[in-house]
2 protein chains.
Amino acid sequence: MSENRALQRAHILANHILRSPPPLPSNLSLAREVCLQYSPPELSESFGGFDAKEMRRLLDGHNTEDRDWLYGLMMQSNLFNRKERGGKLFVSPDYNQTMEQQREITMRRIWYLLEKGVYRGWLTDSGPEAELRKLALLEVCGIYDHSLSIKLGVHFFLWGNAVKFFGTKRHHEKWLKNTEDYVVKGCFAMTELGHGSNVRGIETVTTYDPRTGEFVINTPCESAQKYWIGGAAKHATHTIVFSQLDINGTNQGVHAFIAQIRDEDGNICPNIRIADCGHKIGLNGVDNGRIWFDNLRIPRENLLNSVADVSSDGQYVSAIENPDQRFGAFLAPLTSGRVTIASCAIYSAKVGLAVAIRYSLSRRAFSAVANGPEVLLLDYPSHQRRLLPLLAKTYAMSFAANDMKMMYVKRTPETNKEIHVVSMGLKAVLTWHNMRTLQECREACGGQGLKTENRVGHLKGDYDVQTTFEGDNNVLMQQVSKALFAEYVSCKKRNKPFKGLGLVHMNSPLPVMPTQLTSSILRCSQFQKNIFSVRERDLLERYTSEVEELQGRGQSREFSFLLSHQLSEDLSKAFAEKAILQAVLNAEAKLPAGSIKDAVGLVRSMYALICMEEDPSFLRYGYLSRDNDGDVRREVSKLCRELRPHALALVTSFGIPDAFLGPIAFNWIEANAWS
Amino acid sequence: MSENRALQRAHILANHILRSPPPLPSNLSLAREVCLQYSPPELSESFGGFDAKEMRRLLDGHNTEDRDWLYGLMMQSNLFNRKERGGKLFVSPDYNQTMEQQREITMRRIWYLLEKGVYRGWLTDSGPEAELRKLALLEVCGIYDHSLSIKLGVHFFLWGNAVKFFGTKRHHEKWLKNTEDYVVKGCFAMTELGHGSNVRGIETVTTYDPRTGEFVINTPCESAQKYWIGGAAKHATHTIVFSQLDINGTNQGVHAFIAQIRDEDGNICPNIRIADCGHKIGLNGVDNGRIWFDNLRIPRENLLNSVADVSSDGQYVSAIENPDQRFGAFLAPLTSGRVTIASCAIYSAKVGLAVAIRYSLSRRAFSAVANGPEVLLLDYPSHQRRLLPLLAKTYAMSFAANDMKMMYVKRTPETNKEIHVVSMGLKAVLTWHNMRTLQECREACGGQGLKTENRVGHLKGDYDVQTTFEGDNNVLMQQVSKALFAEYVSCKKRNKPFKGLGLVHMNSPLPVMPTQLTSSILRCSQFQKNIFSVRERDLLERYTSEVEELQGRGQSREFSFLLSHQLSEDLSKAFAEKAILQAVLNAEAKLPAGSIKDAVGLVRSMYALICMEEDPSFLRYGYLSRDNDGDVRREVSKLCRELRPHALALVTSFGIPDAFLGPIAFNWIEANAWS
């Protein structure tokens with residue numbers, strides 16, 4: 001085998017050396033033998049001087065071996081649609097199938113992974129270690145296919161975690177192990193046709209019948225039908241139902257119940273109607289359905305009663321008096337959803353960038369000098385500028401997602417608010433970043449980006465849902481600004497120092513910014529931190545004073561927030577970008593001096609400077625002068641040139657096996673050969 | 001029937017009046033009867049004071065009746081997948097099908113439209129009137145399904161126009177009528193696996209055999225396989241082949257030939273190999289294929305010889321000596337492709353906006369005051385800001401597309417260069433705008449934007465190809481800047497006044513801009529024109545001096561352009577946006593005073609100001625001070641409020657029949673009802 005490899009390498013090298021310019025446009029004899037040859041970038045690109053395996057451990061952050069084990073499980077099974085292209089193995093679903101076929105094969109993949117023990121302890125084990133293993137394996141599933149990870153996410157994270165967090169001992173005993181073993185298949189009926197992000201407004205109604213000791217669930221009108229319920233259209237046997245709870249004519253607000261919707265043979269239960277949500281622009285492996293409840297009776301014990309309960313004689317009891325707080329308690333566990341969405345988004349961006357950058361290191365177009373050879377795409381300054389800042393952002397956000405996961409698995413009541421706000425901001429920023437990155441990568445691959453087998457274009461349709469589910473991104477970003485506003489007002493009012501939400505910097509005097517921005521200043525982490533802090537602080541002060549001024553002019557509090565949406569957008573972005581920069585700095589600080597630290601430092605500077613270039617707030621509010629802005633732009637170009645030699649090593653460090661990228665990322669000539 | 005309508009209206013009005021806030025979150029008894037009701041926006045929205053039919057004529061620009069005739073033809077046939085939702089008819093392809101099924105149904109739709117006479121004169125008639133009819137009908141096909149218009153576009157615009165423009169009498173007589181009648185089905189084999197935008201680099205080779213009087217076409221290596229050839233995988237019988245022409249060992253450059261690839265029964269011809277390009281992220285109704293030629297012999301007469309010919313004894317003759325100019329002559333007719341791509345992109349954006357804005361006028365979420373009713377999405381200032389500037393841009397670009405079409409159908413040798421440059425710029429800017437608009441509209445519809453039947457999300461996958469085909473957008477924009485550079489240098493060198501490419505304004509002294517920007521200044525068309533001109537002029541001067549400075553420092557001309565890519569991007573955008581503004585002004589100038597002119601004026605101001613807000617060049621290079629920029633932003637918000645009451649009328653004026661929008665644009669509660 002090693003001899004084979006050596007031969008292959010010699011063959012490739014020979015091609016590389018012999019590679020000549022393509023046929024010239026005119027008056028030159030054609031040499032047939034000088035056709036295009038694929039040259040693996042590994043042969044010509046430096047490996048950036050750092051160890052890609054080590055960088056990969058840093059990026060993945062945890063459970064590297066578990067990830068590789070799961071990649072291997074998928075590559076070994078024909079269920080994962082193995083195919084050979086250009087002498088290499090690829091695994092990726094066949095999307096040239098109807099949604100019905102895609103759903104069935106997704107379910108079969110889930111059974112296979114169950115048999116292999118992938119979900120062991122996903123609900124029955126506790127603690128940071130078990131949670132991190134689960135998160136890592138879910139991320140790997142998402143890299144193979146978003147439908148697979150979403151179908152697992154609905155079953156384990158929505159249904160399973162709802163039972164775990166909202167339920168008590170009786171529910172845990174009855175459901176958790178059975179869920180882990182897929183004896184029951186769960187779904188999560190929160191969203192309705194008429195109400196999505198505004199969960200409080202849902203119209204499903206549940207009453208209690210003390211004569212039989214049952215709850216009675218009803219869908220009072222068409223807009224109350226449960227909608228988008230993943231798993232409901234085909235596979236789920238049970239669901240969590242979110243509903244208003246009406247006790248003796250008093251609405252106690254939204255509560256969660258368990259209801260069976262199908263029997264073991266898959267027949268829909270009496271008093272339940274189910275319809276399909278139909279074909280979607282992606283995620284067709286997930287069977288989203290709609291549910292109506294017609295006087296469905298469920299046992300009293302099926303109320304998930306960690307927050308409130310109803311006694312057998314129909315008395316409502318809750319440890320939390322305030323209905324707003326009760327409602328909040330129901331939504332808090334949804335944070336886990338935002339954490340996984342944000343981290344899966346970054347893995348999707350990594351697939352896109354690995355494909356587009358590898359292609360740009362083997363595809364040539366046009367000559368830059370008359371009769372010269374065609375230029376590699378990534379040697380075009382414009383192509384570098386399209387992809388390398390997005391690469392740096394993906395690195396930075398990868399660190400931020402890791403910090404968030406750690407904060408989440410080690411959560412305490414004290415850190416809940418911080419996690420809540422950070423996860424909202426990062427969910428929005430990371431999922432938007434993923435969509436933008438995939439679009440740029442798809443265009444950077446030209447037509448090849450449109451072929452489903454090359455993944456980058458297909459991921460767009462599959463991951464698009466992330467920007468609006470589990471909270472519309474714009475709504476989440478408004479919540480972030482409101483939380484910052486509340487923190488600001490509360491500290492100011494009580495004359496207390498800032499503590500939470502990363503606002504400690506506001507206790508110090510405003511940092512003085514240099515007027516001349518040299519290259520070394522621009523790359524200095526303290527300068528970067530300072531200018532991000534200045535932006536956040538100024539925008540928070542502007543936002544607060546605008547909202548308060550509007551309130552002073554008689555606008556309602558809520559409407560004042562709505563009117564200040566522009567500053568709110570600017571502020572929430574400043575908050576999230578600063579949190580991301582801080583995550584890179586945290587990672588960098590832990591590294592020993594050396595090539596990895598140097599590379600992370602370069603990436604961090606690119607991240608900081610591209611944020612400064614792209615956010616008009618810096619010029620608009622004067623954090624940068626026009627001269628400064630020119631310096632920033634020039635430095636970004638310089639960083640593009642400096643990152644260029646590391647590009648291959650940086651995407652290799654994503655640690656995504658070749659089989660999970662597209663053929664266009666490798667020998668695309670051989671992959672397209674007639675045979 | 002009119003009694004029925006009156007009853008229906010009374011019913012709707014009653015619902016409207018009775019409509020109450022949704023169930024309140026706590027401690028209030030539930031009133032089951034106050035469920036959400038759909039209220040048609042037509043009842044509550046003003047119609048903006050202008051006549052939507054008249055506005056529609058203005059927007060469509062030409063052939064309104066022909067368009068409506070074709071809409072009607074499609075709505076009448078079951079081939080177009082008619083379905084009822086919420087009591088309304090909708091037509092839209094069933095995308096829950098394999099690509100093989102989608103291709104077949106697309107071909108059947110083409111036969112049906114052939115029978116109805118839709119393509120009458122598409123190749124055999126000439127003159128502006130015939131061309132405009134063809135463009136209008138193609139646009140309508142694209143509104144139904146992009147695959148349908150692309151499959152027609154390949155057959156008529158690429159194959160047909162190549163025969164028409166590159167061929168001579170013998171080709172016209174043999175092929176044009178047969179093409180119009182679908183006796184032959186044509187495709188267009190230009191792109192290869194190894195060369196897309198860089199057509200000059202293609203590797204297919206054709207030689208001439210004087211003994212038999214035949215050309216011999218060969219695919220010398222895998223990278224030379226023809227790729228992405230629409231129609232080739234399944235239906236096409238003939239193709240244009242682009243190939244290097246090798247005459248006695250001298251390469252005469254790229255030429256175009258006709259070759260038959262399938263017989264009448266659909267069997268692939270000898271010496272031809274064909275493979276499928278496979279599943280794509282959209283456009284699966286188009287059978288893109290790959291072609292290899294193995295010593296394929298074609299008659300000498302199959303060379304499309306309007307530019308050059310080979311005599312029977314093998315002598316190469318061309319009226320154009322310079323091979324660069326010969327190559328240019330071959331590519332010039334591709335301009336028609338860019339014209340149709342740009343105008344189809346705007347119709348796609350119109351579908352997206354009509355759906356998202358209609359939905360935002362019937363969907364409510366959250367209350368702005370405690371216990372108040374939920375707020376209509378479009379009454380959120382942030383939602384207005386997401387959609388209304390895009391609406392204004394779509395209007396402005398619609399006028400620009402019309403101007404471009406008129407310039408194209410009335411083209412003369414003198415206007416060719418102008419059309420070439422304008423169509424490159426508009427193709428890029430309008431297709432990017434479409435993708436951005438669709439993404440925003442999809443997110444603005446929440447989860448409903450992901451349902452294929454609601455169209456807006458699906459259009460993204462279908463139209464994505466536009467940003468890279470017929471010239472990658474980034475490459476085209478670089479060409480625009482290079483053309484401006486050449487014009488600038490040539491006028492300066494010869495000390496001649498500027499004439500072409502809209503640069504006449506450069507002959508006048510730089511307009512003096514006011515320092516204080518009041519609302520009335522910001523809305524003044526002269527001010528808007530001036531500041532767009534100042535931007536273009538300054539960027540052109542900066543770009544030219546940067547390129548010349550780089551050349552002065554010893555860089556090659558081509559590499560100097562590559563290094564100046566940032567200014568090149570800024571400049572080409574300034575050029576295209578100014579051309580678009582000019583198109584609105586042209587349209588406005590022709591209108592009599594009145595409500596239509598007022599509405600167009602509002603839209604024009606929104607277009608101008610949102611460009612100023614979004615392009616950082618204005619702040620970066622000081623065309624706007626920071627204070628000015630604040631004024632612009634505030635004025636955009638004001639314009640959002642002023643356009644809000646016209647929103648429904650503005651999208652109704654797109655003139656797209658309800659059946660071609662998605663169910664979510666109408667009574668989405670009834671459309672989702674159980675039944």
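Residue numbers begin at 1 in each chain, while the letters A, B, ... track the order of the sequences. All values derive from a computational prediction rather than experimental measurement.
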Test salt bridge (Lys or Arg N to Asp or Glu O under 4.0 Å) applied to B:Asp379 and B:Arg364, step by step: CA-CA 9 Å; B:Asp379 284 333; B:Arg364 294 168 181 270; over 6 Å; no
Contact class of B:Glu443 relative to chain A, heavy atoms under 4.5 angstrom: both
Which of B:Lys280, B:Gln97, B:Arg363, B:Gln225 touches chain A most, by non-hydrogen pairs under 4.5 Å: B:Arg363
Heavy-atom pair count under 4.5 Å with chain B, highest-scoring of A:Gly457, A:Ser382, A:Pro616: A:Ser382
Option in B:Gly461, B:Ser197, B:Gly449, B:Gly630 with maximal non-hydrogen atom pairs under 4.5 Å from chain A: B:Ser197
Side-chain donor or acceptor of B:Glu203 paired with backbone N/O of A:Cys35 under 3.5 Å: no
Pairs of heavy atoms under 4.5 Å with chain B: top-ranked of A:Ser556, A:Gly622, A:Gly196: A:Gly622
Top contributor to chain A contacts, counting heavy-atom pairs under 4.5 Å, from B:Gly447, B:Ser625, B:Ala275: B:Gly447
Under 3.5 Å: donor-acceptor pair, side chain of A:Thr219, backbone of A:Trp292: no
Between B:Val375, B:Thr452, B:Asn96, B:Thr468, the one whose heavy-atom pairs under 4.5 Å with chain A are most numerous: B:Asn96
Main-chain N/O of A:Gly282 paired to A:Asp462 side chain as donor or acceptor, under 3.5 Å: no
Contacting moiety of B:Asn284, where chain A heavy atoms sit under 4.5 Å: neither
Working for side-chain hydrogen bond (donor to acceptor under 3.5 Å, both in side chains), residues B:Asn672 and A:Glu222: CA-CA 8 Å; B:Asn672 278 289; A:Glu222 288 296 355; over 6 Å; no
A:Ser564 side chain to A:Leu567 backbone, donor-acceptor under 3.5 Å: no
Interface moiety of A:Phe469 toward chain B, non-hydrogen atoms closer than 4.5 Å: neither
Heavy-atom pairs under 4.5 Å with chain B, option from A:Ser568, A:Gly278, A:Ala365, A:Ala368 with the top count: A:Ala368
Under 4.5 Å from a heavy atom of chain A, the part of B:Arg557 involved: neither
Main-chain N/O of B:Val254 paired to B:Arg326 side chain as donor or acceptor, under 3.5 Å: no
Whether B:Arg442 side chain and B:Gly446 backbone form a donor-acceptor pair below 3.5 Å: yes
Region of B:Glu613 that comes under 4.5 Å of a non-hydrogen atom in chain A: both
Student check: side-chain heavy atoms of B:Arg386 and A:Asn474 closer than 4.5 Å: yes
Trace of the salt bridge (Lys or Arg N to Asp or Glu O under 4.0 Å) decision for A:Glu670 with A:Arg85: CA-CA 8 Å; A:Glu670 206 182 320; A:Arg85 289 278 186 284; over 6 Å; no
Contacting region of B:Asp629 [heavy-atom separation from chain A under 4.5 Å]: side chain
Contact class of B:His565 relative to chain A, heavy atoms under 4.5 angstrom: side chain
Under 4.5 Å from any heavy atom of chain A - which part of B:Tyr227: side chain
Under 4.5 Å from any heavy atom of chain B - which part of A:Gln439: side chain
Basic-acidic side-chain contact under 4.0 Å: A:Glu192, A:Arg200: no
Engaged part of B:Ile274 at the chain A interface, taking heavy atoms whose separation is under 4.5 Å: backbone
Option in B:His458, B:Glu558, B:Arg273, B:Met99 with maximal non-hydrogen atom pairs under 4.5 Å from chain A: B:Arg273
Test item: A:Asp615 side-chain N/O and A:Ser617 main-chain N/O as donor-acceptor pair under 3.5 Å: yes
Neighbour count above 12 (heavy atom, 6.0 Å) for A:Asn248 CG: no
Segment of B:Glu614 engaging chain A (4.5 angstrom heavy-atom cut-off): neither
Contact class of B:Trp674 relative to chain A, heavy atoms under 4.5 angstrom: both
CG (B:Asp94) with more than 12 external heavy atoms under 6.0 Å: yes
Which portion of B:Ser637 sits near chain A, non-hydrogen atoms under 4.5 angstrom: side chain
Top contributor to chain A interface from B:Leu562, B:Leu193, B:Thr98 [non-hydrogen pairs under 4.5 Å]: B:Leu193
Residue B:Asp472 versus chain A: region with a heavy atom under 4.5 Å: side chain
Interface moiety of B:Phe366 toward chain A, non-hydrogen atoms closer than 4.5 Å: both
Most chain B-contacting option - heavy-atom pairs closer than 4.5 Å, from A:Gln478, A:Arg290, A:Glu569, A:Met435: A:Arg290
Side chain B:Asn454, main chain B:Gln448, donor-acceptor under 3.5 Å: yes
Residue among A:Val475, A:Leu619, A:Leu624, A:Asn473 with most heavy-atom pairs under 4.5 Å to chain B: A:Leu619
Residue among A:Val369, A:Asp464, A:Leu283 with most heavy-atom pairs under 4.5 Å to chain B: A:Asp464
Criterion side chain to side chain contact (heavy atoms under 4.5 Å, CB included) on B:Ile202 and B:Gln244, from CA distance to verdict: CA-CA 7 Å; B:Ile202 60 170; B:Gln244 307 286 348; 3.8 Å; yes
